[in-house]
Every structure is written in C-alpha cells, then in structure tokens.
Amino acid sequence: MFTLFTSSLLFVTVVRGASIAGRDLTERQDDGITALPKAQIQPYKPFTHFASAAYCQPSNTLAWNCGADCKANSDFIPVASGGDGGAVQFWFVGYSPSLDSVIVSHQGTDPSKMESISTDANIELVPFDSTLFPGINSAVEVHNGFATEQAKTAKTILAAVKKTISAHSTKNVAVVGHSLGAAIALLDSVYLPLHITGVNFRMIGYGLPRVGNQYFANYVDKNLNVVHINNREDPIPTVPGLYLNFHHPSGEIHIRDNGNWVTCPGKMEVTNVGQDNPSTKCIVGDVPNIGVGNLTDHTGPYNEIKMGAGC
C-alpha cells in the first residue's frame with residue numbers, strides 16, 4: 001500500500017546524502033531504555049485503531065461504519081470528516097466517551113495519488129506560517145510539504161475540535177496518525193494549543209518521519225505530550241536524514257523484532273546526539289542506513305493492527 005510513499009522519501013534521502021552515516025552514531029547508548037509491560041502497551045490500542053481508520057473513506061468514518069477499526073471503538077461519536085486522499089489527506093474528528101477525549105485522526109499517503117507523494121518529497125525546511133502559528137520563533141523550521149498539507153485542513157479541524165469540546169465538555173484532545181498522517185498530526189499538535197486553552201493535548205504517531213529541525217524537536221519536547229511508535233526495521237522514521245538537519249522529538253517507542261516494546265529516551269543529555277537515540281534497541285541504531293530497512297514493517301503490525309487494513 002505504501003511503496004510509492006516510502007520510495008519518494010527514501011529516494012530523496014539517497015540522492016541528498018546516501019545514509020544517516022554522515023552523523024557519528026557508532027556509540028550505542030542504552031541508558032534508560034526499558035521494556036514496556038503489556039499493561040502499558042494495551043492502552044495504545046484504541047488510538048492505533050483510530051489511526052488506522054483514517055485510511056477509510058470520509059463518508060464511512062462520518063457514519064462510523066469502517067469495518068474492524070470502527071467496531072473496535074464502537075462508542076465513538078463522529079463530528080466531522082473530510083479529504084480526498086490525494087490533494088487533501090482523509091481526516092476525521094469526533095469524541096470517544098470511553099477515553100473522554102476528542103480524537104483527531106489523519107490518513108497517511110495514498111500511493112495512487114501523485115499529490116500526496118509530492119507532499120512527502122518536498123523536504124525543504126521552512127519556518128511556520130505566522131498566521132497559523134503565532135508567536136513561534138522563526139528558528140523553528142519544518143518540512144515544507146508536511147506544513148503545506150497541515151495548513152489545508154488546519155482551520156476546519158480547529159473548528160471541529162472546538163465544537164466537539166463544547167458539545168461533550170471534555171478537557172482532552174488526542175491527535176493521531178500514521179506515516180504522513182503522523183507528521184500532520186504532530187503539526188496539528190503544535191497548532192491546536194495555540195488556539196485552544198484549558199485542554200490537555202496529546203499526540204500518538206505511528207511510523208512518524210522526521211518533521212522539523214533541532215529547534216522544532218526542542219519546542220515539541222518543551223511544550224507537547226508526544227509518543228511516536230516505530231515498528232521493527234521500518235526505514236521511514238529515519239528520513240529525512242539527520243544530515244539534512246531533521247530531528248525527531250523525544251517520545252520514541254520501538255517495537256523490536258521479538259515483539260517487545262521499549263521506550264527510547266531521547267533527551268540531549270542522555271544520548272549526546274539530540275533526541276534520536278542511537279541505540280540498536282531503537283530505530284536509528286536498528287536502521288543505521290536505509291539499505292537495512294524493511295518497508296513492509298511500515299504498515300505494522302502495531303498492537304496487532306496493520307494500518308488501513310480494516311477499511
């Protein structure tokens with residue numbers, strides 16, 4: 001499903017620098033890496049289904065009739081949905097009574113749509129649009145394609161989130177997505193708190209590519225509650241490369257080959273190379289260059305769920 005998406009990102013990575021080996025990641029740092037027990041893994045499962053459901057047609061998510069992913073969160077109350085899967089990625093907003101949270105979910109790339117593929121390849125680092133992101137330092141830069149895509153739905157999603165908060169008197173918002181959808185979700189998680197106060201925001205992403213520079217990663221660490229879950233040897237979380245000045249925020253969870261989930265601390269003072277943990281137990285060390293990655297790991301499974309397979 002995602003071959004062209006991954007090819008577009010990986011092609012840019014290859015032609016712009018061959019591998020992340022330009023950075024010295026030979027020193028493996030295991031400090032603070034811990035395995036998560038099942039009791040801490042299972043709570044992610046509803047969010048994994050929500051991220052997977054974003055691949056389904058907006059008419060189906062608005063009716064909450066999208067197969068296994070909808071059935072897994074059967075009490076969900078949809079409020080708005082949209083996108084065409086190409087020029088604008090699918091998305092939906094609604095309320096989960098069982099989680100007492102607004103849910104915002106974004107679709108990843110549809111490889112049959114050239115518009116979404118070009119979004120992934122537009123990797124120039126640019127400052128935030130100050131009209132959408134007021135008050136953020138211009139040194140904070142993000143992937144131009146991802147920022148452009150997020151801007152297309154920003155105001156519509158903001159209105160839907162405000163409506164849902166008001167209708168259900170909740171103080172919680174979770175933004176989720178896979179792949180390109182995770183990148184948009186991360187940018188939404190920066191955007192929404194600038195316009196909504198008194199609410200707890202969290203972002204859970206799957207197969208998240210790098211979205212911005214070191215200043216961006218530091219901003220996310222300081223201001224947001226972010227978890228990004230990587231599966232085995234998925235190469236997408238390692239691109240765009242560190243040598244292109246892209247950096248992940250902290251919050252990595254890595255699913256290892258044996259199925260164990262481990263936390264990968266990414267604080268600068270722990271790894272000494274920024275938030276990307278170079279341990280072989282984490283994604284950067286496990287996939288030191290794209291040649292050893294496995295594209296089939298990109299769709300999962302995460303919590304035994306393959307992204308988009310339930311539609």
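Below, each value reflects all heavy atoms present in this structure, side chains not excepted, and no hydrogens, waters or symmetry copies.
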Side-chain donor/acceptor of [X] to backbone N/O of [Y], under 3.5 Å:
X	Y	answer
D221	S250	yes
D84	A87	yes
S81	F92	no
N231	D297	yes
S105	G177	no
H143	G145	yes
R202	V226	no
W64	C70	yes
N223	Y219	yes
N230	I283	no

So, do [X] and [Y] sit near enough that their side-chain heavy atoms are less than 4.5 Å apart?
X	Y	value
P134	L194	yes
Y55	D69	no
L295	P235	yes
V190	F128	yes
F47	Y206	yes
Y191	F133	yes
I157	H106	yes
E304	K45	yes

For this session: Start with the C-alpha distance between F146 and I184, add both sets of side-chain angles, then the distance that settles side chain to side chain contact (heavy atoms under 4.5 Å, CB included), and finish with yes or no.
Result: CA-CA 6 Å; F146 297 160; I184 300 169; 5.6 Å; no
Problem set entry | Sequence-distant partners of F216, ring-ring contact (aromatic ring centres under 6.0 Å, His included), two or more places apart |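 If we apply the ring-ring contact (aromatic ring centres under 6.0 Å, His included) test to F216, skipping adjacent residues, there are no hits.
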Using a distance-only test with no angle check, is there a side-chain donor-acceptor pair under 3.5 angstrom linking [X] and [Y]?
X	Y	answer
T131	D129	yes
S101	S96	no
D234	H298	yes

What are the two closest heavy atoms between [X] and [Y], and how far apart are they?
X	Y	value
G108	S179	CA-CB, 4.4 Å
R256	V262	CD-CG1, 3.9 Å
P43	P46	O-CD, 3.3 Å
T61	P78	O-CB, 3.4 Å
G259	I255	O-CG2, 4.2 Å

Common cluster, [X]/[Y], ILVMFWY with side-chain heavy-atom separation under 4.5 Å:
X	Y	result
V199	L192	yes
L62	V176	no
L224	V104	yes
Y44	I305	no
Y243	I123	yes

Exercise. What residue among H248, Q214, E252, H247 forms side chain to side chain donor-acceptor pair (under 3.5 Å) with Q275?
Worked result: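 Of H248, Q214, E252, H247, side chain to side chain donor-acceptor pair (under 3.5 Å) with Q275 is met by Q214 alone.
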Exercise. What residue pairs, at least two apart or across chains, pass disulfide bond (SG atoms under 2.5 Å apart) with a residue in residues 180-264?
Worked result: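 Found C264-C282.
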Exercise. Mind checking what makes side chain to side chain contact (heavy atoms under 4.5 Å, CB included) contact with E141, not counting sequence neighbours?
Worked result: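 Per chain and number, E141 pairs via side chain to side chain contact (heavy atoms under 4.5 Å, CB included) with L125, P127, N213.
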For this session: Mind checking side chain to side chain contact (heavy atoms under 4.5 Å, CB included) for I77 and listing every partner two or more places apart, or none if nothing turns up?
Result: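 Scan of I77 (side chain to side chain contact (heavy atoms under 4.5 Å, CB included), adjacent residues dropped) gives Y95, P97, H168.
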Exercise. Can you name the residues that form a side-chain hydrogen bond (donor to acceptor under 3.5 Å, both in side chains) with T170, not counting sequence neighbours?
Worked result: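 By the side-chain hydrogen bond (donor to acceptor under 3.5 Å, both in side chains) rule, T170 matches D100.
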Pairwise distance [atom1]([X]) to [atom2]([Y]) - rounded to 0.5 angstrom:
X	Y	atom1	atom2	value
I253	Y302	CD1	OH	12.5 Å
L208	L180	CG	CG	10.5 Å
M307	H49	CE	NE2	9.5 Å
F50	I103	CZ	CD1	4.5 Å
T263	N277	OG1	CG	9.5 Å
Y215	I136	OH	CD1	15.0 Å

Problem set entry | C311 and C56 SG atoms under 2.5 angstrom apart |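 Yes - the two cysteines, C56 and C311, have SG atoms within less than 2.5 Å of each other.
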For this session: Count the heavy atoms belonging to other residues, nucleotides or ligands that lie under 6.0 Å from NZ of K71, then report whether that count exceeds 12.
Result: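 No.
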Exercise. After noting the C-alpha distance and the side-chain angles of Q89 and K152, does the key distance pass the side chain to side chain contact (heavy atoms under 4.5 Å, CB included) rule?
Worked result: CA-CA 9 Å; Q89 301 309 108; K152 294 175 183 176; over 6 Å; no
Problem set entry | Chi angles and distances behind the side chain to side chain contact (heavy atoms under 4.5 Å, CB included) call for W261, N303 | CA-CA 10 Å; W261 292 37; N303 293 112; 3.5 Å; yes
Problem set entry | side chain to side chain contact (heavy atoms under 4.5 Å, CB included) between K155 and L132, worked out | CA-CA 9 Å; K155 292 181 179 179; L132 292 177; 3.9 Å; yes
Atom pairs and distances, donor-acceptor, side-chain atoms in residues 158-167, under 3.5 Å, two or more places apart:
residue : atom : partner : partner atom : Å
T164    : OG1  : A160    : O            : 2.7

